[in-house]
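What follows is a set of notes on a single structure, which appears directly below.
First the proteins, then the strands, lettered A, B, ... as listed; each starts at 1.
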Protein chains: 2
Amino acid sequence: MSDPLDIVFAALADPTRRAILAMLLEDDMAVTDVAEPFEMSLAAISKHLAILTRAGLIAQEKRGRVKWCKLDPSGMRSASVWMQGFGQFEPVHLDAFERFLERELNEPFPEADTD
Amino acid sequence: MSDPLDIVFAALADPTRRAILAMLLEDDMAVTDVAEPFEMSLAAISKHLAILTRAGLIAQEKRGRVKWCKLDPSGMRSASVWMQGFGQFEPVHLDAFERFLERELNEPFPEADTD
DNA sequence: AGCATATTTAACCGAATGGTTGACGATACT
DNA sequence: AGTATCGTCAACCATTCGGTTAAATATGCT
C-alpha cells in the first residue's frame, strides 16, 4: 500500500478506530484512557492508534510516561479532497472542522495530571 | 463487519477500486470495459465490482449478457455524512454531488451496442 | 445446434489484518 | 532502590483480502 489514500481509508474502515476518532473529537486523551471503554487489550488499542497516526488521522505526543492522542485534520482532509475531486462536489465541509482542529493543534497539549 | 461504514471505507481503501470509480465518473461501463485498462484478470475486477456494489458505491444492471456499471451515490454519501457528523459543524452539503449523481441515476442505462 | 462472448463461481495461494499473551523499556512514586 | 504504571514490541493465531486459474453459466450470433 503506497498511496496515502489507501492508508487513510483503510484506517477509517475499522469501527474501533472510528470510535476512537469520535472520542478524540471530545477531548485529547492518553492511550490508557482511549483503551478503557473497549473490550480488548491495551496492546490492540495501541496498534489501532499507530494505524491512525500513520494515516494522519491523529497525532501522538509523549509527555512523561503518558502518550497523549489528539485529532490530526490532515488525514481526513486528504480523504475529503479525494472525494471532492471525485464527485467534483462540495464535499465534506471540513472548513469549520479544520478551523476547530487547527485551533486545537496550535494549542499545546494539555498538562498531564501527575499521578 | 456489520456497520455499513466499514464496508464503504474498506471498499474505498483499494486503489484499483478508486480507479474504477473514477472511470465510472466519466461514463457507465460494461464489466469487460472496466477491466480493460487493468493488468489483472477479469475475475479479479469482477470481485472488485461486487465489493463496490455491496458498499453502495456502484450499481450494476444486466442487459442481455452485458452487465453495466454506474456510480451509486449512496455509499459515498454515507461516508461523507459520517465525516460531516464527525466534524459536526456544518450541515451535510452534498447538494452538487447529489444533483450530479441523481441526474445520472434517473437516466436509463445506455443502450448496449449489440455485437 | 453450435460456437463465441460476457461474467461469475470455485478452489486455491500468499500476504495482510485484528486480535491475543507475555516480556520489555521508560517513567513516576515512595 | 524497589515497585507500580504506561505503553510498545515480539511471537503467534485465525480470518480476511487480493490475486490466480479453470470451470460453469448465460446470452447472443449464424
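If you take NZ of B/Lys67 and P of C/dT5, they are 21 Å apart, rounded to a whole angstrom. B/Glu36 has its CD atom 16 Å from the C1' atom of C/dT5, to the nearest Å. Regarding A/Glu39, its CD atom lies at a distance of 19 Å from the P atom of C/dG18, rounded to whole Å. The separation between A/Gln60 atom CD and D/dT8 atom C1' is 11 Å, rounded to whole Å. The separation between A/Phe38 atom CZ and D/dG7 atom C1' is 17 Å, rounded to whole Å. Between the CZ atom of A/Arg54 and the P atom of D/dT8 there is a distance of 16 Å, rounded to whole Å. Computed from coordinates, the B/Phe9 CZ to D/dT16 C1' distance equals 20 Å when rounded to whole Å. One atom, CZ of B/Arg18, and another, P of D/dG18, lie 12 Å apart when rounded to the nearest Å.
When atom types are taken as modelled, the side chain of B/Thr53 and the backbone of B/Ala59 share no donor-acceptor pair closer than 3.5 angstrom.
Note on A/Leu49 and A/Met40: same hydrophobic cluster, where clusters join Ile, Leu, Val, Met, Phe, Trp and Tyr whose side-chain heavy atoms are under 4.5 Å apart, directly or indirectly.
B/Met23 places a side-chain heavy atom less than 4.5 Å from the side chain of B/Pro37.
Which of C/dT7, D/dT8, D/dT20 sits closest to the side chain of B/Leu42 comes down to C/dT7. Distance from the side chain of A/Ala30 is smallest for D/dG7 among the nucleotides D/dG7, C/dT8, C/dG19.
Taken from CG in A/Asp14 to CD1 in A/Ile51, the straight-line distance is 7.5 Å, to the nearest 0.5 Å.
Considering all non-hydrogen atoms of both residues, A/Asp6 and B/Pro15 come closest at OD2-CD, 3.4 Å. Nearest heavy-atom pair across B/Leu5 and B/Ser78 is CD2-O, 3.6 Å.
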task = Go through the steps for B/Ile58 and B/Leu21 under the test side chain to side chain contact (heavy atoms under 4.5 Å, CB included), then give the verdict.
result = CA-CA 8 Å; B/Ile58 70 169; B/Leu21 292 175; 3.6 Å; yes
request  = Any chance you could lay out the side chain to side chain contact (heavy atoms under 4.5 Å, CB included) test for A/Leu12 and A/Leu57, step after step, and finish with the verdict?
outcome  = CA-CA 9 Å; A/Leu12 292 174; A/Leu57 289 163; 3.8 Å; yes
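Residue pairs meeting the ring pair (Phe, Tyr, Trp, His ring centres under 6.0 Å) criterion with at least one partner in residues 18-47 of chain B, sequence neighbours excluded, are absent. Applying the ring pair (Phe, Tyr, Trp, His ring centres under 6.0 Å) test to every pair with at least one member in residues 3-22 of chain A, sequence neighbours left out, gives these pairs: A/Phe9-A/Trp82. For residues 29-52 of chain B, the set of pairs meeting the side-chain hydrogen bond (donor to acceptor under 3.5 Å, both in side chains) definition, not counting sequence neighbours, comprises B/Arg17-B/His48.
For DNA chain C, the residues of residues 44-52 of chain B within the heavy-atom distance limit of 4.0 Å (strictly under) are B/Ser46, B/Lys47, sorted by number.
With respect to the salt-bridge test (charged N to carboxylate O, under 4.0 angstrom), the residues B/Asp3 and A/Arg18 qualify.
A close approach under 4.0 Å does not occur between any side-chain nitrogen or oxygen of A/Arg63 and OP1 or OP2 of C/dT27. Between B/Ser41 and D/dG19, a side-chain N or O to OP1/OP2 separation shorter than 4.0 Å is absent.
Ranked by how close their nearest DNA chain C nucleotide is to the 5' end, A/Lys62 and A/Asp14 are led by A/Asp14.
The bend of the helix from C/dA1-D/dT30 to C/dC24-D/dG7, defined by the angle between the axes of its first five and last five pairs, stands at 30° to the nearest 10°.
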Can you name the atoms? Protein N/O to nucleotides 2-4 of chain C N/O, anything below 3.5 Å, with the distance.
none

